[in-house]
Amino acid sequence: MRPTQTPKTYRVKSFGCQMNVYDGDRMAELLAEQGIAPAPEGEDADLVVLNTCHIREKAAEKVYSDIGRLRREDGSSPLIAVAGCVAQAEGEEIMARAPSVKMVVGPQAYHRLPEMIRDASEGKRVTDTDMPAETKFDALPRRRRSGPTAFLTVQEGCDKFCTYCVVPYTRGAEVSRPHADLIDEAKRLVESGAREITLLGQNVNAWTGEDAKGRAIGLDGLIRELAGIPDLARIRYTTSHPNDMTEGLIAAHGEIGKLMPFLHLPVQAGNDRVLKAMNRSHTVDSYLRILKRVRAARPDIALSGDFIVGFPGESDAEFEDTLGLVDAVGYAQCFSFKYSPRPGTPAATMDDQIPAAVMDERLQRLQAALNRDQLAFNKASLGRTCDVLVERKGKHPGQWLGKSPWLQSVHFTGEAQVGDLVRVELTEAGPNSIAARLLETAPA
Ligand code: 5AD
Ligand code: SF4
């Protein structure tokens, strides 16, 4: 395609967190509304959006290598837009270093893509990393298509400023989307096929709003209302901060049947000095007390978390405290990462950065403990009868894949369809998935 032509086909490649996946889907819907079609599998697209993540690792280098790979044999490139958090953080450098990039658009500005594409099609190079007062959500097209599971961003941004984290800089301050918009979007997702909705936010449990009667509500109030949508079977939310775990939200886990028994509550480290240096504003003890209350409200709850090993200054003994916390909690599943200095964050310039080899060793030990606990949790589920939401076909004939209420990947063989909620008995546990026996298909 020559730069003076408007694109006819697009491809959006999203990296990173679920919110980026959500943003990528919304961009795709926006492009489709402009009459641009998704590029068929295996074919070049006229327009490629690289929806990037900046949370860890050498994210920017990855973007440059992706851009290089988009060059075609004849030396031409598609119209390339770099979106997401790397665009927000390093937009200027990208424009300077990669001439084939025609658009740089931040996570709060992508509703302006159609104008940007018009400008870029005329040969201009355009950057928009504003965080405008008008919200992108008002400008985006309404939801029309959904698989059985859908994401719904309810809250964005972060005011917590953990010292390692780039999110407050790339996504901006904490903003909650209005209640009425969320109810509307959720209903549309359900009408278009969603049976499970995962509410997303960098600090999703900090969501606040007003209900239709003008009463102040928190995330638990929103979940309660969403639970009233008849064809919506399951509600999840992620990711939460311990300090925003309100009494009401904890109680909701025991009261709302559609709220799945799963809580992702990152702690990051198991030592109070490290937590303080991370500016986490909770302690190991206050975190454990929250989990105790959640377990009292919902005894079968599956717990999940995030960990960082090798934060600047973390001693061997402090790392051992993290292993101690893991032992104390017994997580169902977790994410764990080596600390990665992010440009512009306070921790990046702290003394005592930890050598890579030490981080490697710590991560291996932590992951061994987490894998042990994940398998133990899966084994403890055997014999349970539960519903599985069928998400897709498996590799073998007649096999289906879905999730248990505790977010375990479950596979079974039998009569089913994508979107069904089926009753199964969990029969065999591996570290990453569970085999099940189909009992009966629950009425739709
Ligand atoms: N280095 C390593 N891990 C990080 N995370 C956030 N910032 C960093 C960083 N600089 C992890 C945290 C967070 C998850 C989304 O990513 O564990 O909870
Ligand atoms: Fe990052 Fe989460 Fe901390 Fe916000 S609360 S700064 S997103 S780790």
Side-chain angles (χ1 to χ4, degrees), residues 14-23 52-62 84-86 88-90 107 151 153 155-172 174 198 200-206 237-245 262-271 274-275 277-282 284 287 290 303-314 318-319 322 325-326 329 331 333-350 352-356 358-364 366-367 369-370:
S14 288
F15 305 89
C17 66
Q18 290 152 322
M19 192 169 297
N20 239 26
V21 173
Y22 174 89
D23 287 342
T52 60
C53 168
H54 203 227
I55 195 103
R56 285 176 296 274
E57 291 149 24
K58 303 182 171 61
E61 277 98 290
K62 183 162 169 32
C85 291
V86 180
Q88 188 70 35
E90 301 190 15
F151 292 136
T153 292
Q155 180 280 336
E156 266 194 288
C158 183
D159 298 337
K160 304 276 194 294
F161 290 95
C162 302
T163 51
Y164 52 80
C165 188
V166 80
V167 166
Y169 312 97
T170 57
R171 291 266 171 183
E174 266 177 26
T198 301
L200 298 180
Q202 262 94 27
N203 274 308
V204 70
N205 57 343
Y237 63 94
T238 195
T239 184
S240 298
H241 192 285
N243 288 9
D244 294 314
M245 226 39 231
F262 187 93
L263 175 64
H264 179 70
L265 195 64
V267 62
Q268 314 296 355
N271 173 276
V274 176
L275 289 175
M278 288 176 162
N279 193 31
R280 286 293 294 179
S281 66
H282 59 79
V284 173
Y287 176 79
I290 295 166
L303 295 171
S304 158
D306 291 344
F307 289 91
I308 297 176
V309 302
F311 184 79
E314 183 188 64
E318 287 166 345
F319 169 67
T322 295
L325 171 63
V326 167
V329 173
Y331 287 98
Q333 59 171 68
C334 274
F335 299 99
S336 50
F337 313 101
K338 285 185 272 189
Y339 168 70
S340 159
R342 304 285 73 211
T345 59
T349 50
M350 284 179 184
D352 288 332
Q353 299 282 326
I354 304 295
V358 176
M359 284 208 258
D360 284 338
E361 206 245 343
R362 286 182 188 170
L363 188 67
Q364 272 184 25
L366 176 59
Q367 290 189 338
L370 293 171

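We count ligands from 1, going down the list as the structure has it; atoms in each ligand are counted the same way.
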Give, for atom CZ of Phe311 and atom CD of Glu318, the distance between the pair rounded to the nearest 0.5 Å.
10.5 Å
So for Ile55 against ligand 1, with non-hydrogen atoms under 4.0 Å, the contacting part is both
Counting from 1, what ligand 1 atoms have a heavy atom of Arg342 closer than 4.0 Å?
10 (N)
Salt bridge (charged side-chain N to carboxylate O under 4.0 Å, His left out) partners for Glu156, two or more places apart
Lys136, Arg171
Heavy-atom contacts with Tyr339 under 4.0 Å: which atoms of ligand 1 show up? List them by number with element.
1 (N), 2 (C)
Could you check whether the rings of His282 and His241 sit parallel, tilted or perpendicular, using 30° and 60° as the cut-offs?
perpendicular
Which of the atoms of ligand 1 are close to Lys338, meaning less than 4.0 Å from one of its heavy atoms?
1 (N), 2 (C)
Before you tell me yes or no, could you show the steps for Tyr164 and Arg280 under side chain to side chain donor-acceptor pair (under 3.5 Å), namely the whole-Å CA-CA distance, both residues' side-chain angles and the distance that decides it to 0.1 Å?
CA-CA 10 Å; Tyr164 52 80; Arg280 286 293 294 179; 3.3 Å; yes
Part of Tyr164 within contact of ligand 1 (heavy atoms, under 4.0 Å)
both
Closest to atom 15 (C) of ligand 1 among Asp306, Ile308, Thr345 (heavy-atom distance):
Asp306
Which of the atoms of ligand 1 are close to Gln268, meaning less than 4.0 Å from one of its heavy atoms?
12 (C), 13 (C), 17 (O), 18 (O)
Can a side-chain donor-acceptor contact be found between Glu174 and Asn203 if the only test is distance below 3.5 angstrom?
yes
Partners passing salt bridge (charged side-chain N to carboxylate O under 4.0 Å, His left out) against Glu90 (at least two apart in sequence or in another chain)
none
